[in-house]
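Atoms within a ligand are numbered from 1 in the order they appear, just like the ligands themselves.
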Amino acid sequence: MIDIENLTRKFDDFTAVDNLTFHINEREVFGFLGPNGAGKTTTMRMLSCLISKTSGEAKIAGYDISDEADSKKIRKIIGLLPENVGLYDDLTAYKNLDFYAKLYECSISQRKENIEYFLKLLGLWDKREVLVGTFSKGMKQKLAITRALIHDPQILFLDEPTANLDP
Ligand SMILES: Nc1ncnc2c1ncn2[C@@H]1O[C@H](COP(=O)(O)OP(=O)(O)OP(=O)(O)O)[C@@H](O)[C@H]1O
Ligand SMILES: [Mg+2]
């Protein structure tokens with residue numbers, strides 16, 4: 001499902017990801033661990049087609065991250081919880097999710113159903129009409145987790161998913 005061979009990313013002379021190779025199967029939960037600055041976020045950004053690779057190969061569900069047409073298909077089938085949540089502070093929780101779900105071209109029924117399901121699951125349904133700018137860090141993290149799931153992705157990338165969450 002995720003096949004990476006010698007994936008490398010340089011920023012000028014600095015090598016942030018150095019010849020990374022691994023394979024992840026369908027239905028597998030893969031923990032990607034390393035010290036601060038090891039290159040985890042950089043790897044996830046390459047696999048999510050947010051930044052380019054310097055060399056090596058990476059395929060997501062058979063699609064090549066460095067092929068422009070393939071990268072659009074990859075974006076459709078992945079969900080991403082980024083390191084920085086990047087939500088709209090002056091929209092409500094509900095409107096944030098509805099906005100992103102529209103970008104993913106979810107149908108009205110899928111949007112309604114998933115927003116309600118995940119907000120209830122994470123205990124934010126009562127806060128759905130509240131502006132996100134007033135949310136605590138953990139509440140924003142939960143909302144960003146919901147956003148990553150809103151379009152029923154086949155693959156989920158979670159960068160520091162437990163950050164700011166209570167036990
Ligand atoms: N845009 C950039 N320009 C220059 N250097 C960068 C850039 N992005 C990342 N780096 C460098 O690449 C290295 C890996 O960073 P990255 O954010 O991938 O680490 P990480 O494993 O996610 O760390 P953390 O656990 O702290 O989140 C770091 O030394 C960082 O400074
Ligand atoms: Mg990181």
Side-chain angles (χ1 to χ4, degrees), residues 1-89 91 93 96-97 99-101 103-104 118-119 121-124 132-167:
M1 192 104 203
I2 299 178
D3 300 296
I4 299 170
E5 295 277 348
N6 298 316
L7 189 64
T8 298
R9 171 71 204 213
K10 292 186 180 176
F11 295 104
D12 299 321
D13 290 342
F14 178 76
T15 304
V17 176
D18 190 8
N19 279 296
L20 185 66
T21 297
F22 60 71
H23 302 278
I24 306 175
N25 295 318
E26 206 170 342
R27 307 191 68 81
E28 193 173 338
V29 176
F30 186 87
F32 188 40
L33 306 179
N36 295 136
K40 305 177 296 292
T41 296
T42 305
T43 300
M44 259 187 265
R45 296 184 72 209
M46 284 191 280
L47 298 182
S48 309
C49 305
L50 295 175
I51 58 170
S52 60
K53 68 183 185 189
T54 302
S55 61
E57 298 293 326
K59 285 191 173 171
I60 311 282
Y63 299 121
D64 190 333
I65 59 162
S66 54
D67 180 279
E68 205 177 311
D70 279 7
S71 76
K72 287 189 182 141
K73 289 174 184 150
I74 292 170
R75 284 158 201 244
K76 251 184 156 15
I77 61 167
I78 65 167
L80 173 66
L81 171 70
E83 212 172 27
N84 299 311
V85 292
L87 296 157
Y88 290 97
D89 278 351
L91 292 182
N96 260 283
L97 295 177
F99 172 73
Y100 283 104
L103 294 184
Y104 280 117
F118 288 115
L119 286 184
L121 188 72
L122 292 172
L124 286 176
V132 166
T134 70
F135 272 24
S136 72
K137 284 186 199 166
M139 288 158 72
K140 284 184 182 173
Q141 182 76 352
K142 286 179 177 178
L143 201 60
I145 291 169
T146 298
R147 178 185 56 193
L149 292 161
I150 209 71
H151 56 300
D152 299 309
Q154 286 177 43
I155 297 166
L156 190 57
F157 290 112
L158 301 171
D159 196 349
E160 313 272 3
T162 58
N164 300 312
L165 294 182
D166 60 49

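- At a 4.0 Å cut-off, not a single heavy atom of R9 sits close enough to ligand 1 to count as contact.
- Of all the N, O or S atoms in E83, the one closest to the Mg ion (ligand 2) is OE2.
- Within a 4.0 Å radius of atom 30 (C) of ligand 1, the protein contributes no non-hydrogen atoms.
- Between the side chain of R147 and the main chain of V85, a donor-acceptor pair closer than 3.5 Å is present.
- With 2.8 Å as the limit, T41 counts as an N, O or S neighbour of the Mg ion (ligand 2).
- Counting heavy-atom neighbours within 6.0 Å of Y88 OH, excluding the residue itself, gives a total of 12 or less.
- Of the polar atoms of G37, at least one N or O is found under 3.5 Å from an N or O of ligand 1, judged by distance alone.
- The presence of a protein heavy atom under 4.0 Å from atom 21 (O) of ligand 1 is confirmed.
- Pairing each heavy atom of T21 with each of N6, the nearest pair is OG1-N, 2.9 Å.
- Proximity to T41 (heavy-atom distance under 4.0 Å) selects the following atoms of ligand 1: 17 (O), 18 (O), 20 (P), 22 (O), 27 (O).
- Note: no N/O pair closer than 3.5 Å links F14 and ligand 1 by distance alone.
- Residue Y104 qualifies as enclosed at atom OH: its count of foreign heavy atoms under 6.0 Å is above 12.
- Look at E160 and you'll find a heavy atom under 4.0 Å from some atom of ligand 1.
- Taking only non-hydrogen atoms, the option from T42, T15, V17 nearest to atom 16 (P) of ligand 1 is T42.
- Under a cut-off of 6.0 angstrom, the local environment of CD in E68 is sparse, with at most 12 non-hydrogen atoms contributed by other residues, nucleotides or ligands.
- In terms of protein heavy atoms, atom 26 (O) of ligand 1 is closest to N36 ND2, 3.1 Å.
- For the pair E57/D64, a side-chain contact is recorded, criterion being any heavy-atom separation below 4.5 Å from C-beta on.
- Contact of the I2 side chain with the F157 side chain is registered, since non-hydrogen atoms from C-beta on lie closer than 4.5 Å.
- Of the protein's heavy atoms, A16 CB, 3.2 Å lies nearest to atom 12 (O) of ligand 1.
- Using a 4.0 Å cut-off to heavy atoms of E83, the atoms of ligand 1 that qualify are 27 (O).
- For K140 and D89, the salt-bridge test passes: some basic side-chain N is under 4.0 Å from an acidic carboxylate O.
- Put simply, the side chain of S71 never gets that close to the backbone of C49: no donor and acceptor are under 3.5 Å apart.
- Ranking the protein heavy atoms by distance from atom 25 (O) of ligand 1 puts K40 NZ, 2.7 Å first.
- Within the 4.5 Å cutoff, the side chain of M44 has no heavy atoms near those of the E83 side chain.
- Looking at F11 next to ligand 1, no N or O pair under 3.5 Å apart turns up.
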